[in-house]
Amino acid sequence: MADQVSSEARRRFLKMAVAGAAAAPLCALAARRLRAQEQVDPSSELAQQLGYVEDASEVDVEEWPSYEEGQVCANCDLFEGAEGDEYGPCQIFDGNLVAAPGWCSAWIEKTA
Ligand code: SF4
């Protein structure tokens with residue numbers, strides 16, 4: 001009887017552990033979205049180091065020669081906003097919000 005109870009408890013524990021492991025990435029994404037409340041200040045140190053601007057048409061191409069016309073945050077692989085969002089979380093800025101028409105030197109072409 002005790003063996004049956006302990007086996008049942010072990011099975012229940014394993015089910016909960018598997019469910020918890022499966023939910024972990026979703027919890028991390030939800031946590032990042034909750035944290036992503038602040039807009040990135042273009043005058044902040046990291047933004048300055050990366051040449052972040054809220055409007056890609058204002059990129060100083062002499063200072064940032066890697067910039068190519070058409071590159072904006074909205075089509076960057078590190079942008080996590082939905083299509084049509086004015087601002088969205090950016091992985092480079094720890095999930096803080098960047099402007100969809102913005103740009104920085106970490107821009108990477110969206111793959112999907
Ligand atoms: Fe915009 Fe991409 Fe730079 Fe983030 S990494 S600020 S989404 S260009």
Side-chain angles (χ1 to χ4, degrees):
M1 181 73 174
D3 279 349
Q4 190 179 358
V5 170
S6 108
S7 162
E8 188 69 31
R10 199 173 328 148
R11 222 175 291 133
R12 216 174 308 133
F13 171 79
L14 287 173
K15 276 185 187 172
M16 286 170 45
V18 168
L26 295 175
C27 291
L29 179 64
R32 190 170 338 149
R33 289 199 184 273
L34 281 176
R35 260 187 325 188
Q37 299 293 316
E38 291 183 25
Q39 290 179 9
V40 171
D41 178 354
S43 65
S44 68
E45 190 177 339
L46 181 58
Q48 291 282 303
Q49 288 170 351
L50 294 171
Y52 171 69
V53 289
E54 290 198 315
D55 181 346
S57 69
E58 295 173 2
V59 173
D60 180 343
V61 291
E62 289 193 15
E63 189 175 357
W64 304 102
S66 65
Y67 170 75
E68 291 179 19
E69 202 173 323
Q71 295 177 350
V72 289
C73 292
N75 61 22
C76 172
D77 207 31
L78 303 174
F79 185 77
E80 297 180 330
E83 196 174 326
D85 285 354
E86 279 183 51
Y87 286 83
C90 169
Q91 294 176 34
I92 287 286
F93 288 100
D94 195 28
N96 285 312
L97 303 173
V98 295
W103 181 88
C104 89
S105 58
W107 184 90
I108 301 171
E109 186 170 4
K110 199 176 263 309
T111 53

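Read the numbers this way: they start at 1 and go in the same order the structure lists the ligands and their atoms.
- At the top of the distance list for atom 2 (Fe) of ligand 1, counting protein heavy atoms only, stands C76 SG, 2.3 Å.
- With ligand atoms numbered from 1 in the order given, ligand 1 contributes 6 (S) to contacts under 4.0 Å with heavy atoms of F93.
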Practice item. In sequence, state the C-alpha distance, the side-chain angles, and the governing distance for L50 and F93, and then conclude on side-chain contact (heavy atoms from CB on, under 4.5 Å). Key: CA-CA 10 Å; L50 294 171; F93 288 100; 3.9 Å; yes

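- At a cut-off of 2.8 Å, C104 does not coordinate atom 2 (Fe) of ligand 1 through any N, O or S atom.
- Residue L78 has at least one heavy-atom neighbour below 4.0 Å for each of these atoms of ligand 1: 5 (S).
- Around atom CD of Q49, more than 12 heavy atoms belonging to other residues, nucleotides or ligands sit under 6.0 Å away.
- Near W107, the atoms of ligand 1 lying under 4.0 angstrom from a non-hydrogen atom of the residue are 8 (S).
- Nearest protein heavy-atom neighbour of atom 1 (Fe) of ligand 1: C73 SG, 2.3 Å.
- When side chains are defined from C-beta on, Y52 counts as touching C73, because their heavy atoms get closer than 4.5 Å.
- When atom types are taken as modelled, the side chain of E54 and the backbone of P101 share no donor-acceptor pair closer than 3.5 angstrom.
- Contact detail for D41 and A47: the closest heavy-atom pair is O-CB, 3.4 Å.
- Taking 4.5 Å as the limit, every side-chain heavy atom of N96 sits out of range of all side-chain heavy atoms of P89.
- Among the atoms of C90, none of the N, O or S atoms falls under 2.8 Å from atom 3 (Fe) of ligand 1.
- The I92 neighbourhood of ligand 1 comprises atoms 5 (S), with distances under 4.0 Å to a heavy atom of that residue.
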